[in-house]
Amino acid sequence: MYMLLATAPPPGSDGTAPHGTVSNGTTGTGLEGPAVVLQPLDAAGAESGPARTVPLAHLPAAVREAEQDSPRWVWGQAQRWYPQLLRAGTSVERCHDLALCQNILVFSPFTQAGGYPRSHSYVPMDLGPEPEARDTGQDSLFDAPVVHSGPTPAELARELREQLESVKTSTEPRRLALLLAAESAGALVAAEMTRAGVPWREDLHRRILSDRLGAQPAEFARPERMEAIVEELRTLLGAPTLNPDSPQELMRALHRAGIDAKSTRSWELMEINHPAIGPLLAYKKLSRLFTANGWAWLEQWIHDGRFRPEYVVGGVVTGRWSSHGGGALQIPKQIRGAAHADPGFKLIVADAAQLEPRVLIALSQDAKMAEAARGKDLYAGIAAQGFGGERDKAKIALLGAMYGATTGESGRLMPQLTRTYPKAVGLVEAGARAGERGERVGTYLGRGTPPPSKEWLALQQTTSAEEQRRADSAARSRGRFTRNFVVQGSAAEWALCWLADLRRRLRTLAAAAPAGAPVPQMVFFLHDEVMVHCPEEQVAAVTDMMHQSAAAAARLIYGDIPIQFPVTAVAADTYAEAK
DNA sequence: GCACTGAGCGCG
DNA sequence: AAAGCGCGCTCAGTGC
């Protein structure tokens with residue numbers, strides 16, 4: 001059922017001391033260097049067979065063998081174990097990531113009464129084998145990764161039991177179990193995506209850069225196009241030494257030239273009519289490309305034709321992923337043409353159409369809005385029902401409702417939206433009011449917001465009239481956060497289920513493929529969008545799977561409800577074309 | 001010289 | 001059209 005993976009306690013230890021390495025052959029274990037314990041556990045997390053201890057170097061083989069029985073692997077953190085298994089060519093079907101699940105259970109509104117947080121022991125799960133140096137696709141200098149002290153197998157098993165128990169006694173065991181499974185599957189997907197990497201053509205990237213910026217500059221120098229604009233700006237603004245990269249300097253120069261700018265943000269400058277504004281905006285655009293995704297980025301992040309960011313599952317409080325390395329979740333549209341499929345492959349990019357509003361409909365069961373979503377374009381449907389067919393207005397109004405806009409056009413459109421969709425708007429409003437009162441809110445599957453900080457709570461207790469304004473502002477701010485959390489977080493868990501289901505289907509496909517044949521791989525994930533690097537002859541089948549998985553995810557979470565989650569899936573040679 | 005913050009901008 | 005949610009990254013500027 002479960003198979004626990006843990007660093008082995010040193011021989012003769014009582015299992016409570018720091019451990020993790022087996023010193024050497026003289027201890028009589030016959031093991032040298034780091035060792036690992038594989039402990040079978042039953043469905044309740046109790047030991048159900050003898051533990052095996054193997055040298056770390058033999059772990060991939062041991063895992064492959066145990067995988068025959070398709071256990072659910074249990075480990076402190078997938079991130080600590082799985083990359084090296086993948087490197088050795090070993091993948092697993094499913095796992096339970098104790099750290100990720102602990103993180104969910106601690107804040108879940110479904111466990112508050114029966115009390116995972118109250119009873120559990122807070123064993124730190126962030127230990128296990130040292131993460132390897134960033135996987136650049138090259139062999140590491142050291143064969144055996146360092147293993148240092150971590151929780152004992154017994155502690156990890158107990159943690160699992162407490163987690164399972166808290167799910168069982170929670171108010172929504174089915175939902176919570178699904179969330180934990182999806183989160184854990186996400187950990188596997190994340191490691192596999194990093195391993196695979198986004199296929200990236202350095203030559204195409206360089207062409208984009210030279211087309212826009214000119215030839216690659218010498219170190220510490222500006223590209224020629226940018227330098228030319230700097231000279232132009234210095235003349236136009238009468239500031240011969242201006243460095244436009246300094247907001248302060250730029251601000252002073254603008255003011256001296258009689259330009260009344262409140263800030264140097266592009267969208268504010270756009271309102272101003274002055275000959276220097278055009279070149280300045282052009283400079284900012286080029287500067288962004290140069291500093292964030294220029295030659296230095298290419299040098300640092302692209303190796304062997306692959307971009308391999310690390311994903312942090314649950315790295316965002318709402319359950320979205322964050323990432324480290326190369327700004328993976330902010331790849332500008334400008335350079336997406338450099339993400340290019342290998343010969344004989346295509347990139348299939350699928351994204352969920354208007355995911356958050358559709359999630360709002362599912363959560364609120366707003367029949368009227370569900371009707372508007374019947375067609376392909378949800379915003380057009382909403383526009384037809386209450387905004388005189390003006391799609392842009394419908395979109396602004398709906399986004400504003402989910403973000404908590406109060407001013408501007410979006411704020412003005414709110415009453416109309418509320419009249420038309422009292423249930424949907426009511427749901428986000430209730431989320432906001434709860435947050436303002438300091439309460440927690442949660443997603444459909446049970447990921448919860450952290451409680452407000454001590455400072456926040458103290459501020460709400462203020463009796464000073466002067467501080468009351470700050471307290472109100474902080475309350476509204478938290479209200480906007482909790483309002484959005486419900487929708488963004490529920491959308492994130494839908495995407496996670498989509499990803500997990502797609503992974504399962506792709507594994508089945510790969511298992512049926514002849515040995516050595518090229519197989520489709522998930523290579524990138526961005527909130528509501530997934531990219532698969534796919535052999536050409538399987539594009540049709542995989543595209544189909546991406547649609548099927550979306551339907552499966554919706555059914556798995558919400559059951560049979562009258563709202564679709566359509567995805568757009570496009571296959572092309574580059575990321576730019578596929579979007 | 002290092003750590004931190006704020007401004008600004010990229011993505012969803 | 002306007003500035004409401006969630007992030008990461010780079011640079012300038014500041015404080016030690």
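Each chain gets a letter, A, B and so on, in the order its sequence line appears, and its residues count up from 1.
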ask   = Does dA3(C) have a Watson-Crick or wobble mate here (both distances under 3.5 Å), and if so which one?
value =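 Pairing partner, where one exists within any strand: none, as none qualifies.
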Tell me which nucleotide among [options] gets nearest to the side chain of [X].
X	options	result
D245(A)	dG6(C), dG4(C), dA12(C)	dA12(C)
E409(A)	dA2(C), dG8(C), dG6(C)	dA2(C)
H527(A)	dC7(C), dG12(B), dC11(C)	dG12(B)
E529(A)	dG6(C), dG8(B), dG12(B)	dG12(B)
V316(A)	dG6(C), dC9(C), dG8(B)	dG6(C)

request  = Kindly state whether the ring of Y444(A) and the ring of Y558(A) have centres lying under 6.0 angstrom apart.
outcome  =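 Y444(A) vs Y558(A): aromatic centres under 6.0 Å.
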message = Using ring centroids (six-membered ring only for Trp), state whether W297(A) and F307(A) fall under 6.0 Å.
response =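 Yes; W297(A) has its ring centre under 6.0 Å from that of F307(A).
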Please work out if [X] contacts a base, only the sugar-phosphate, or nothing of the nucleic acid, heavy-atom cut-off 4.0 Å.
X	value
V317(A)	sugar-phosphate
T406(A)	nothing
F485(A)	nothing
Q248(A)	sugar-phosphate
I331(A)	sugar-phosphate
S263(A)	sugar-phosphate
R336(A)	sugar-phosphate
W267(A)	base

Rounded distance in Å - [atom1] ([X]) to [atom2] ([N]):
X	N	atom1	atom2	value
W297(A)	dC11(B)	CH2	P	14 Å
N243(A)	dC11(C)	CG	C1'	10 Å
F525(A)	dG12(B)	CZ	P	13 Å
Y403(A)	dA1(C)	OH	P	18 Å
M270(A)	dG8(B)	CE	C1'	13 Å
R252(A)	dG13(C)	CZ	P	8 Å
M531(A)	dC11(B)	CE	P	14 Å
E390(A)	dA1(C)	CD	C1'	12 Å

Report yes if at least one side-chain N or O of [X] is closer than 4.0 Å to OP1 or OP2 of [N]; otherwise report no.
X	N	result
K285(A)	dG10(B)	yes
R265(A)	dG8(B)	yes
K579(A)	dC11(B)	no
S322(A)	dG8(C)	yes
S246(A)	dG13(C)	yes
K284(A)	dG8(B)	no
S266(A)	dG8(B)	no

key: Salt-bridge present (D573(A), R201(A); N to O < 4.0 Å)   =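 No salt bridge links D573(A) with R201(A).
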query = Can E249(A) and R252(A) be counted as an ion pair, charged N to O under 4.0 angstrom?
reply =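 R252(A) and E249(A): not salt-bridged.
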query = Does the side chain of T194(A) come within less than 4.5 Å of P309(A)'s, by heavy atoms?
reply =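 No, their side chains stay 4.5 Å or more apart.
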query = Looking at dC9(B), does its base get a donor-acceptor pair with the side chain of R288(A) below 3.5 Å?
reply =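 Flag set: donor-acceptor pair detected.
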inquiry  = Taking donor-acceptor contacts at under 3.5 Å, does the side chain of R320(A) reach the base of dG12(B)?
reply    =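 Flag set: donor-acceptor pair detected.
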task = State the CD1-OG distance between I563(A) and S364(A), to the nearest 0.5 angstrom.
result =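 Taking CD1 in I563(A) and OG in S364(A), the distance rounds to 9.0 Å.
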Spacing of M193(A) atom CE and H533(A) atom NE2 [to the nearest 0.5 Å] =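 Here the interatomic distance stands at 13.5 Å.
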task = Nearest-nucleotide wise, let me know which of G404(A) and A292(A) is further upstream toward the 5' end of DNA chain C.
result =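 Here G404(A) is the residue nearer the 5' end.
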